[in-house]
Amino acid sequence: MNLFAEIKSVVIEKLEALTAAGTLPAGLSFANVTVEPPRDALHGDLATNAAMVLAKPAKMKPRDIAEALAALLTDDARVTSADVAGPGFLNLRIDPAVFQDMLADILAKGNDFGRSDMGAGRKVNVEYVSANPTGPLHVGHTRGAVFGDALSSLLDFAGYNVTREYYINDGGAQVDVLARSAYERYREACGHAPEIKEGLYPGDYLKPVGEALKAKYGDSLIDRPESDWLADIRLFATEAMMDIVRSDLASLGVKMDVFFSEKALYGTGKIEAAIASLDAKGLIYSGTLAPPKGKLPEDWEAREQTLFRSTEHGDDVDRPVQKSDGSWTYFAPDIAYHYDKIERGFDELIDVFGADHGGYVKRMKAAVSALSDGKVPLDIKLCQLVRLFKDGEPFKMSKRANNFILLSDVVEQVGPDVTRFVMLTRKNDAPLDFDFKKALEQSKDNPVFYVQYAHARVCSVLKKAGNPTDATLQQADFSLLTTPAEMALLKKLAEWSRLVELAAKHHEPHRVAFYLFDLASEFHALQHLGKVDPGLRFNLDGNPALSAARQGMIRAVAVVISAGLGILGVTPANEMR
RNA sequence: GGCCCCGUAGCUCAGCUGGAUAGAGCAGCUGACUUCUAAUCAGCAGGCCACAGGUUCGAAUCCUGUCGGGGUCACCA
């Protein structure tokens, strides 16, 4: 049930009636009409801006429209009053029974309460992490992994058909570097001194790979030219790295549906087909790019390259797809990859990148726009950097010092639940401070524990009440719930469905985290009232009817918290310790 | 220099794609526990929404410019 959507359709219906009656002129667009919770609860339960939005196109006074609309809206049984306020807002009060009846609905549907059919089964591909297969994932990847995973779950909850996908960059020069690095570790395993030259990957994580190579090849590859072993070791090492990546992702609870190999695009005609598709639209040409504006690289020289006319689709400059020697640039397989996604029939694409890839947004969007003739939208979400703090001090990472904090380090120290929640309590495009000490703190300062504590408290109260089943609680007489604090909680629960749709529409899972914090806050306040006035407790001696209603209410809170945490990939706690 | 993101309470951040008197948490002060786990709650105080214009019934939100912070910038991925 999405009360806001339901009442909005009532508003639209009444507006159409006013149009039919001649009160409103024909041909008005109701697209900008909204039904929202008012900022101030004193204004009522719902507010619509219909009168103000329509006043100008209808050439009428807002109040006249509002009053005509108000008269019709109260015909609906759920609307108990409709008052014109301020510049032309229409404040609606809703029959408490609507909110009370919702509780039985929540208890019946369980974690599925709030699921939406907004997505209508549209196929969405969410690509995230996509880290180079050259080593373990580090903290920088963690945020994108959590964000992409939660966004995918959110879209699924909102009725989309979601595919979670990881693009393995195993076709470029960096996997050659990986192979050479692994070869040195192989030599080391065979008793030779490794030469980890500048530019190779120095990490210890390649030592086991060297050992494994020794086990497989003995010393047969020692002192052989690179051409003899590069391809084999590249494959071997890449697979070993992907095993680490999969394990890292699993420790965070991140699951992928598809691992898509870049290498599989080469030699199969896929890149050629994608470029040919662009060529057929007249978007491929041979030319020379102008030097970048502003600062000129010292070694700049004009070069004739095969270019994609991305400026036709909103990019700033055209982009090379072929190097001057005729080989593909990194951009070419990226185009082919997205072409493949389009051909697989996705209705929408989402890419989750790190902020350092911000420069590729326009060209990628241009490519998808061109390849799909503008029919498949691509949204690119950039995750800003994570700043690590230890004991309040910023912790600097450097590649040279090899002191990169790994995803596995974070998960081992604070656990997947806290890691995920903290990463999601910030908008994706805002930088995030991650403090190890604070993440482990069990206080209100730490929203994870605040939300989990609310869930645990519900479990505790219900345990004292003998753990009534949801089926039993559904039978309670919820019309007994009438105090202002109880009604406030019910109204917060009623926002859940709407929040899911808004968060999904905007691709912003952090909204779920903030909602859960608000819901937990309403619950904590209500529970505290029972300490001041025993008559406001959930479990009451000698009043089984009211007790059952209140137990059903708080169970509904636990259900929604559980569902929300489920979207975020965080396990609800039944008790705190 | 071009492009992208950000600028909201002392600090960390929300603000529902333009709505009513801009909200939380932390820090500060004042109160509430022989508890349905106080790991909590209530209250007070705290604001030129970076700045200047513009768009309109109405702007923290949209457009332009300026300042400040971060990212990125021709065959690397």
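These numbers were taken from a predicted model, which means no experiment stands behind them. The figures that follow rest on heavy atoms only: side chains count, while hydrogens, waters and symmetry mates do not. Here is how names work: the chains are called A, B, and so on, in the same order as the sequence lines, proteins then strands, and each is numbered from 1.
At a non-hydrogen distance threshold of 4.0 Å, A:His510, A:Arg511, A:Phe514 from residues 508-516 of chain A come into contact with RNA chain B.
The distance from the CG atom of A:Leu289 to the CG atom of A:Leu307 is 4.5 Å, given to the nearest 0.5 Å. Separation of atoms CD (A:Glu165) and CZ (A:Phe259) is listed at 10.0 Å; rounding is to 0.5 Å. We find the CZ-CZ distance between A:Arg426 and A:Phe147 to be 14.5 Å, quoted to the nearest 0.5 Å.
Residue A:Asp315 is classed as having no contact, given no heavy-atom separation below 4.0 Å to the nucleic acid. Within 4.0 Å of A:Ala503, counting heavy atoms only, lies no atom of the nucleic acid at all. Using a 4.0 Å heavy-atom distance criterion, A:Ala465 is classed as making no nucleic acid contact. Base contact: A:Gly530 has a heavy atom under 4.0 Å from a base atom. Looking at heavy-atom distances under 4.0 Å, A:Glu575 makes contact with a base. Contacts of A:Ala55 with the nucleic acid, taken as non-hydrogen atoms under 4.0 Å apart, are absent. Residue contacts for A:Gln322: at a heavy-atom cut-off of 4.0 Å it reaches no nucleic acid atom on any strand shown. Counting any heavy atom pair closer than 4.0 Å across all strands shown, A:Asn49 reaches a base atom.
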Q) side-chain hydrogen bond (donor to acceptor under 3.5 Å, both in side chains) between A:Ser130 and A:Glu127: does it pass, once the steps are laid out? A) CA-CA 7 Å; A:Ser130 296; A:Glu127 181 206 331; 2.8 Å; yes
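Under the 6.0 Å cut-off for aromatic ring centres, A:Tyr337 and A:Tyr167 qualify, their centroids lying closer than that.
Following rounding to the nearest Å, A:Leu307 (CG) and B:A74 (C1') show an atom-to-atom distance of 10 Å.
Considering only side-chain atoms of A:Lys56, the nucleotide from B:C73, B:G71, B:U56 that sits closest is B:U56. Across B:C16, B:G71, B:C41, the shortest atom-to-atom separation from the side chain of A:His506 is found for B:C16. Of the candidate nucleotides B:A20, B:A42, B:U37, B:A42 has the atom lying nearest to any side-chain atom of A:Ala525. Looking at the side chain of A:Tyr330, the nearest of the listed nucleotides B:C4, B:A77, B:C16 is B:A77. Of the candidate nucleotides B:A77, B:U37, B:C16, B:C16 has the atom lying nearest to any side-chain atom of A:Arg498.
Taking 4.0 angstrom as the limit, A:Lys323 places a side-chain polar atom (N or O) nearer than this to OP1 or OP2 of B:A77. Residue A:Tyr450 places at least one side-chain N or O under 4.0 Å from the OP1 or OP2 atom of B:C41. When the side-chain nitrogen and oxygen atoms of A:Lys61 are compared with OP1 and OP2 of B:C57, none of them lie within a distance under 4.0 Å. Contact annotation: A:Lys427 side-chain N/O to B:G15 OP1/OP2 distance is under 4.0 Å.
No option in A:Arg498, A:Lys8, A:Glu501, A:Glu495 other than A:Glu501 meets the side-chain hydrogen bond (donor to acceptor under 3.5 Å, both in side chains) test with A:Asn2.
Spacing of P atoms, B:U17 relative to B:U61, comes out at 15 Å, to the nearest Å. The C1' atoms of B:G58 and B:A45 are separated by 30 Å, rounded to the nearest whole Å. When the C1' atom is compared between B:C16 and B:A24, the two are found 15 Å apart, to the nearest whole Å. With P as the reference atom, B:A27 and B:G19 are 33 Å apart, rounded to whole Å.
One cannot find a donor-acceptor pair under 3.5 Å joining the base of B:C41 and the side-chain atoms of A:Tyr453.
Under the 6.0 Å distance and 45° angle rule, A:Arg309 counts as a cation-pi partner of A:Tyr285.
You'll find the side chain of A:Val361 reaches within 4.5 Å of the side chain of A:Leu382, heavy atoms only.
Mapping A:Pro431 and A:His357 onto RNA chain B by nearest heavy atom places A:Pro431 closer to the 5' end of the strand.
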